[in-house]
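Input: one structure, supplied below.
Below, each value reflects all heavy atoms present in this structure, side chains not excepted, and no hydrogens, waters or symmetry copies. Order of the sequence lines sets the chain letters (A, B, ...), proteins ahead of strands, with each chain counted from 1.
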2 protein chains.
Amino acid sequence: MAIGRSPQSSSQTPDPGAARRPSRARGIPEATVARLPLYLRALTALSERSVPTVSSEELAAAAGVNSAKLRKDFSYLGSYGTRGVGYDVEYLVYQISRELGLTQDWPVVIVGIGNLGHALANYGGFASRGFRVAALLDADPAVVGSSAAGLPVRHMDELESIVESQHVSIGVITTPPGAAQQVCDRLVEAGVTSILNFAPTVLTVPDGVDVRKVDLSIELQILAFHEQRKAGDEPDRTESVLDRAPGPVRAAAAKLRRAAGGSGKTRAAAEDADPAAKGKPGKAGEGELSAVMPA
Amino acid sequence: MAIGRSPQSSSQTPDPGAARRPSRARGIPEATVARLPLYLRALTALSERSVPTVSSEELAAAAGVNSAKLRKDFSYLGSYGTRGVGYDVEYLVYQISRELGLTQDWPVVIVGIGNLGHALANYGGFASRGFRVAALLDADPAVVGSSAAGLPVRHMDELESIVESQHVSIGVITTPPGAAQQVCDRLVEAGVTSILNFAPTVLTVPDGVDVRKVDLSIELQILAFHEQRKAGDEPDRTESVLDRAPGPVRAAAAKLRRAAGGSGKTRAAAEDADPAAKGKPGKAGEGELSAVMPA
DNA sequence: TAGATTGTTAATCGATTAACAATC
DNA sequence: TAGATTGTTAATCGATTAACAATC
């Protein structure tokens, strides 16, 4: 892969860098690709119920999107429907699976076997979509040797040999944030070219490596934003009049605040600045989703 | 909240329904809201290192976005920077926290205490952002009474009283998919208006309730799509010539396939249709991320 | 003043949606 | 044939980005 480093190219919610990624290969828009798994899931459910065909309207409802969007999405894959009838469920399952690359086997390594690593190792959705857990890895000798989901937890030292021998191209990072970049570097060095990152860290990877991230805290913060706007719009803001004042006034206020040494801080802001200063129950630092800290 | 039901209005990757959500309240674009937590995280790190000011270029690099986008995003919040100087770190932490609603306390319930529920209960990022775990709930008597992250696991029966007494407006669903809609209904009925759903299910909620989902399997499938395109474009497709043939030919082929009873299936497609038929290691059904099945 | 950096403009790009002709 | 439903068009909307005037 290329040498030049670039900030991670993909993420979850909107998608910083989506436009830059080479991903539009064969012309399927990124937004469409992201919905294909939703359609596939809905189709799989229909298939299990032995439903032979489905209309765009029905399938769209099952997948939680609107039918025009679904038809547009499918039009990028080809004309797999029949006018006046709908789509053949089995055939569409096959086409979408193929398009997503799920007719291949994808060996995956999971690095960092804390609670989240355990949860992922046990995740049924992995195996049922062609993903196979090739190995569970951890740096903590206390964890290495134990087993999760019927697989032994192996030491980080084995990473390179496992990736090579099993042709692993996808890695999942469930370490604490402090270890994520190191782990990422080792994965990439070993030959992994797609990374799913659960650590709340921006990963830097070479060109040609895809990173997606799942960030639990961010999802909650987005909910909080909307929640705040529901509760009557002005819930209990500690907002100063100056904060909504015209430009010059605000600039002056900011300058004063700076001079005064951050007097505008509130509880949350102050705690962010010094996590050690707070006496809340959840004592772990931000993002310590898994238990152990690889070397 | 309103009576009419609608499919869930928000999700993760692109965002089906983003345009429809009332969320643009006070005019901050959804894409910007989704990035505010990233900026906040980067700013918090700078704050911990006692960095007083930061330029849009530096902060953008730390957050993994481009600086024009960052400045545009901040312009929706107000003019909090100083030309020629940059942004005051503490002040910006405060402003973003306030905008996201993080200066308030948000009690949260987590329903379904399997591995993932455990992982979330232990997640440090919760407490450090004003989120407080008000209760852990499960329907399985074997789990109820145990403790996770220092909190007792309580029975689902207590859901309504907890939500009411502690004014919980945010619920996290980490149950198996089969239980998710029921749990969702109870949460909503009890007064919860924001839901973070980890179960691979499309939830139906009344207007006024926000749903975001985190879907591990979907993220992996998106990676697989891109990965497939890296390995030389035509990896080992089981693709028939007919699949890329012009419309009429393809339609005829599909019809034949239908008549023949789904002969186009491959391994992945066949297993999707009948999960019980497969002999893979991950024996759990799709999406059984957590251990127990609430009533 | 000279250098630095913001905040905003305007152009561009990608995604969504309604509508409907094509066609089963 | 009449009814149903796809696949595509075109309009609209929202997000991204480069560029630069404003201004510290």
Q.
Let's see if you can work this out: which of D:dT17, C:dA15, D:dT8 has an atom nearest to the side-chain heavy atoms of A:Pro29?
A.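 When the side chain of A:Pro29 is considered, C:dA15 is the closest of D:dT17, C:dA15, D:dT8.
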
Q: May I ask which nucleotide in the shown strands pairs with C:dT23, Watson-Crick or G-U wobble, both distances under 3.5 Å?
A: D:dA4

(Q) Of the options C:dT5, D:dT16, D:dT8, whose atoms approach the side-chain atoms of A:Ser75 most closely? (A) D:dT8

Q.
Tell me the interatomic distance from A:Phe74, atom CZ, to D:dT5, atom P, rounded to whole angstroms.
A. 16 Å

Q: Check the distance between D:dT8's C1' and A:Lys69's NZ and give it to me in whole angstrom.
A: 17 Å

Q) Whole-Å distance between C:dT5 C1' and B:Leu59 CG? A)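 Computing the B:Leu59:CG to C:dT5:C1' distance gives 14 Å.
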
Q: Write down the partner of C:dG14 under the Watson-Crick or G-U wobble criteria, each distance required to be under 3.5 Å.
A: D:dC13

Q: Using atom CG of B:Leu70 as one end and atom P of C:dT5 as the other, report the distance to the nearest whole Å.
A: 14 Å

(Q) In this structure, how many angstroms lie between the P atom of D:dT6 and the CG atom of A:Asp73, rounded? (A)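 That distance rounds to 14 Å.
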
Q.
With a cut-off of less than 4.0 Å, is there a side-chain N or O of B:Arg71 near OP1 or OP2 of D:dT16?
A. no

(Q) Heavy-atom nearest nucleotide on DNA chain C for B:Gly84 versus A:Gly84: which residue maps closer to 5'? (A)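 That would be B:Gly84.
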
Q.
Does a side-chain N or O of B:Tyr80 approach OP1 or OP2 of C:dT5 to a distance below 4.0 Å, or not?
A. no

Q. If you measure from the Lys or Arg side-chain nitrogens to the Asp or Glu carboxylate oxygens, is any gap between B:Glu57 and B:Arg71 under 4.0 Å?
A. no

Q: Measure the distance from CD1 on B:Ile28 to C1' on D:dG14 and round it to the nearest whole Å.
A: 15 Å

(Q) Starting the side chain at C-beta, find the nucleotide from C:dT17, D:dA15, C:dG7 nearest to A:Asn66. (A) C:dT17

Q: Looking only at side-chain atoms of A:Arg83, point me to the closest of C:dA22, C:dG7, D:dT16.
A: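 From the listed options, C:dA22 comes nearest.
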
Q: Can you measure from OH (A:Tyr87) to CG (A:Leu92) and round to the nearest 0.5 angstrom?
A: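 Between A:Tyr87 OH and A:Leu92 CG, I get 7.5 Å after rounding to 0.5 Å.
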
Q | Rounded distance (Å) that lies between atom P of D:dC13 and atom CD of B:Glu30 | A | 18 Å

**Q.** Side-chain donor-acceptor contact under 3.5 Å, A:Asp210 with A:Ser194
**A.**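 No.
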
Q. Got a second to check how far B:Trp106's CH2 is from B:Leu100's CG, nearest 0.5 Å?
A. 11.0 Å

**Q.** Out of D:dC24, C:dG7, C:dT16, whichever nucleotide has its closest atom nearest the side chain of B:Ser79
**A.**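 Closest nucleotide to the B:Ser79 side chain: C:dG7.
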
Q | Phosphate contact (C:dT16 OP1 or OP2) by A:Arg35 side-chain N/O below 4.0 Å | A |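 Yes, such a contact exists.
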
**Q.** Whichever of A:Lys72 and B:Val54 has its nearest DNA chain C nucleotide further upstream toward 5'
**A.**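 Of the two residues, B:Val54 wins.
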
**Q.** Approximate separation, where rounding is to 0.5 Å, of A:Thr32 OG1 and A:Leu70 CG
**A.** 10.0 Å

Q: Can you tell me the distance, in whole Å, between the OH atom of B:Tyr76 and the P atom of C:dT9?
A: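 In whole Å, C:dT9 P lies 11 Å from B:Tyr76 OH.
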
Q) Closer than 4.0 Å, any side-chain N/O of A:Ser56 to the OP1 or OP2 of D:dT6? A)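 Answer is yes, contact under 4.0 Å.
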
**Q.** Close aromatic pair by centroid cut-off 6.0 Å: B:Tyr80 and B:Tyr91
**A.** yes

